[in-house]
Amino acid sequence: MSTLTLSACAKLNLTLDVAGRRPDGYHEMRMVMQSVSLADEITLDFGTSQGISVRTNLGFLPNDRRNLAWSAAAAFEAAVKQPVNVTVSIRKQIPVCAGTGGGSSDAAAVLRGLNQHYQTGLTPLELARLGEAVGSDVPYCVLGGTALAGGRGEVLTPLPDLPDCWLVLCKPAFSISTPELFHAADAVRLRCHPDTTGVLQALEAGDLTGVARRMYNVFEDVLPISRANEVQSIKSALLSCGALGACMSGTGPTVFGLFAEEEAARKAWQSLRALYQDTFLTRPAGSGRTPK
């Protein structure tokens with residue numbers, strides 16, 4: 001029996017834009033993505049069971065093919081054409097249904113871990129392509145770091161690292177239906193779009209303030225009014241605590257603020273944690289750097 005433990009980092013959308021519906025039913029996306037050190041812990045136990053099994057520390061999460069970690073193991077087994085016998089244990093730290101890629105990151109960690117254990121030699125890009133069938137964010141989560149994502153999220157261009165900073169994540173106590181939010185975006189003409197080109201230029205220049213001031217997510221414009229009000233309230237709280245910028249991630253409802261100084265970030269974290277249970281203080285991750 002052997003065991004392998006991996007970290008599955010959360011992701012944030014520094015920008016998120018929707019260019020319209022594609023013929024295949026997906027949407028054409030343009031997003032600047034960032035990994036952060038907030039992570040789930042994935043443990044792979046080999047030789048303890050026949051086939052694929054999944055367990056988590058949250059009783060309401062599915063442990064079958066509805067879990068992306070299970071789907072990732074099944075996709076790997078089909079791709080390498082050899083039996084996979086593994087028990088996947090997931091200790092969740094990333095909030096669920098939050099727009100921060102927890103399930104996708106778990107799946108990506110499973111792909112990386114199986115590739116390592118079975119010594120199949122798949123490159124990160126090959127694992128990312130394998131992840132396309134599991135979920136739209138899985139390819140990005142395989143590679144991590146700072147990246148521009150196009151297509152439905154699988155067309156990835158590595159970018160210069162986000163300058164070192166602190167991030168405060170805050171998830172209000174509700175979830176948002178991703179299909180409903182895409183439907184709402186299809187039904188209106190989106191008024192505003194992120195300055196993605198400006199963000200790319202700011203990253204190239206190492207300009208943290210330039211990135212923060214251009215962060216934007218088009219889904220904020222189509223939230224139900226009560227949800228939009230709470231998201232805006234959290235953004236305002238982060239900005240009033242000194243965030244250089246604040247934005248909703250993915251289809252939400254997690255809001256994050258980007259801080260240059262640890263002291264301001266810690267004060268914001270402490271203030272919001274008194275109101276929202278799922279509030280986290282974290283750092284950028286990926287691209288080979290070790291978060292502090």
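When reading the values below, keep in mind they use all heavy atoms of this one structure, side chains included, and skip hydrogens, waters and symmetry mates. Numbering starts at 1 and runs along the sequence shown. All values reported here derive from a predicted model rather than from experimental measurement.
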- Task: Give a yes or no on whether the backbone of T254 and the side-chain of S249 come within a donor-acceptor separation of less than 3.5 Å.
- Result: no
- Query: So, does D106 use its side chain to make a donor-acceptor pair with the main chain of A69 at under 3.5 Å?
  - Reply: no
- Task: Decide if atom NZ of K92 counts as having more than 12 heavy atoms of other residues, nucleotides or ligands within a radius under 6.0 Å.
- Result: yes
- Query: Would you call the rings of H117 and F46 parallel, tilted or perpendicular if under 30° counts as parallel and over 60° as perpendicular?
  - Reply: parallel
- Query: If you group Ile, Leu, Val, Met, Phe, Trp and Tyr by side-chain heavy-atom gaps below 4.5 Å, do L16 and V188 land in one group?
  - Reply: yes
- Looking at side-chain heavy atoms only, is the closest gap between P194 and V218 below 4.5 Å? yes
- Determine, for D195 against R213, whether the closest basic-nitrogen to carboxylate-oxygen distance falls under 4.0 angstrom. no
- Item | R65 side chain to S71 side chain, donor-acceptor N/O pair below 3.5 angstrom | no
- Task: Rounded to the nearest 0.5 Å, what's the gap from CZ on R55 to OG1 on T87? Could you check?
- Result: 6.0 Å
- Check: M248 main-chain N/O paired with N217 side-chain donor or acceptor under 3.5 Å: yes
- Ignoring hydrogens and angles, tell me if any N or O in the side chain of E77 forms a donor-acceptor pair with the backbone of V84 under 3.5 Å. yes
- Item | Full working for side-chain contact (heavy atoms from CB on, under 4.5 Å) between E230 and Y276 | CA-CA 11 Å; E230 190 154 7; Y276 298 97; 3.1 Å; yes
- Query: Mind checking whether S2 and L4 have side chains closer than 4.5 Å, heavy atoms only?
  - Reply: no
- Query: Side chain of T146, backbone of L162: donor and acceptor closer than 3.5 Å?
  - Reply: yes
- Message: If you define the side chain from C-beta out and look only at heavy atoms, does anything of L148 sit under 4.5 Å from T196?
- Response: yes
- Message: Counting C-beta onward and ignoring hydrogens, is there a side-chain heavy-atom pair between L14 and F256 closer than 4.5 Å?
- Response: yes
- Message: When you group the ILVMFWY residues by side-chain heavy-atom contacts below 4.5 Å and let the links chain together, are V142 and Y118 in the same group?
- Response: yes
- Query: When you look at CD of E261, are more than 12 heavy atoms from neighbouring residues, nucleotides or ligands closer to it than 6.0 Å?
  - Reply: no
- Item | Backbone of Q232 reached by a side-chain donor or acceptor of S236 within 3.5 Å | yes
- Look up atom CD1 in I90 and atom CG in N63, then write down how far apart they are to the nearest 0.5 Å. 8.0 Å
- Query: What distance separates L6 CG from C9 SG, expressed to the nearest 0.5 Å?
  - Reply: 10.5 Å
- Can F174 be reached from L61 by stepping across I, L, V, M, F, W or Y side chains whose heavy atoms are under 4.5 Å apart? no
- Item | Short side-chain donor-acceptor distance under 3.5 Å, S136 and R152 | yes
- Atom CZ of R283 and atom CD of E262: how far apart are they, to the nearest 0.5 Å? 7.0 Å
- Between P284 and P163, what is the shortest heavy-atom contact and its length? CG-O, 4.3 Å
- Do you see a donor-acceptor pair shorter than 3.5 Å between the side chains of Y26 and E154? no
- Message: Show the nearest heavy-atom pair for residues A107 and V134, with the distance to one decimal.
- Response: CB-CG1, 4.1 Å
- Query: Would V18 and M29 count as a side-chain contact (heavy atoms from CB on, under 4.5 Å) if you check the C-alpha gap in whole Å, the side-chain angles of each, and the deciding distance to 0.1 Å?
  - Reply: CA-CA 5 Å; V18 181; M29 311 295 292; 3.8 Å; yes
- Task: With the side chain counted from C-beta on, respond yes when P253 and D278 share a heavy-atom pair under 4.5 Å apart, and no when they do not.
- Result: no
- Query: Is the backbone N or O of A149 less than 3.5 Å from a side-chain atom of R30, with the two atoms forming a donor-acceptor pair by type?
  - Reply: no
- Heavy atoms, side chains only, cut-off 4.5 Å: are K11 and S105 in contact? no
- Message: Rounded at 0.5 Å granularity, tell me how far CZ in F280 sits from CD in Q93.
- Response: 7.5 Å
- Query: So do the side chains of T279 and W269 get within less than 4.5 Å of each other, counting heavy atoms only?
  - Reply: yes
- Query: Hey, is the main chain of L58 close enough, under 3.5 Å, to the side chain of T56 for a donor-acceptor pair?
  - Reply: yes
- Quick check: are there more than 12 heavy atoms from other residues, nucleotides or ligands sitting under 6.0 Å from CD of E204? no
- Taking all non-hydrogen atoms of both residues into account, name the closest pair between L44 and V86 and its distance. CB-CG2, 3.9 Å
- Query: When hydrophobic residues are tied together by side-chain contacts of less than 4.5 Å, even through go-betweens, does L275 share a cluster with V255?
  - Reply: yes
- Item | Exceeds 12 heavy-atom contacts within 6.0 angstrom, atom CD of E180 | no
- Query: Atom CG in D186, atom CZ in R189: separation rounded to 0.5 Å?
  - Reply: 15.0 Å
- Message: Can you see whether S89 engages T43 through a side-chain donor-acceptor pair at a distance of less than 3.5 angstrom?
- Response: no
- Item | CD (Q82) with more than 12 external heavy atoms under 6.0 Å | yes
- Query: For Y216 and D221, what are the C-alpha separation, side-chain angles and deciding distance, and is it a side-chain contact (heavy atoms from CB on, under 4.5 Å)?
  - Reply: CA-CA 10 Å; Y216 188 69; D221 280 347; 2.8 Å; yes
- Item | Backbone of G145 reached by a side-chain donor or acceptor of Y140 within 3.5 Å | yes
- Note on the structure: Nearest heavy-atom contact between W70 and D64 is CB-O, 3.3 Å
- Query: Does the pair M33 and C141 meet the rule for a side-chain contact (heavy atoms from CB on, under 4.5 Å), with working shown?
  - Reply: CA-CA 10 Å; M33 314 274 273; C141 291; over 6 Å; no
- Task: Considering non-hydrogen atoms only, spot the tightest contact between A265 and V168 and give its length.
- Result: O-CG2, 3.4 Å
- Only one of L159, T157, T15 forms a side chain to side chain contact (heavy atoms under 4.5 Å, CB included) with L200, so which one is it? L159
- Query: Any side-chain heavy-atom pair from V32 and L203 closer than 4.5 angstrom?
  - Reply: yes
- Query: Would V138 and L125 show up in the same hydrophobic cluster when neighbours are defined by side-chain heavy atoms closer than 4.5 Å?
  - Reply: yes
- Can you name the closest pair of heavy atoms from L167 and C165 and give their distance? CD1-SG, 4.1 Å
- Query: Is a side-chain donor or acceptor of N13 paired with a backbone partner of G250 at a separation under 3.5 angstrom?
  - Reply: yes
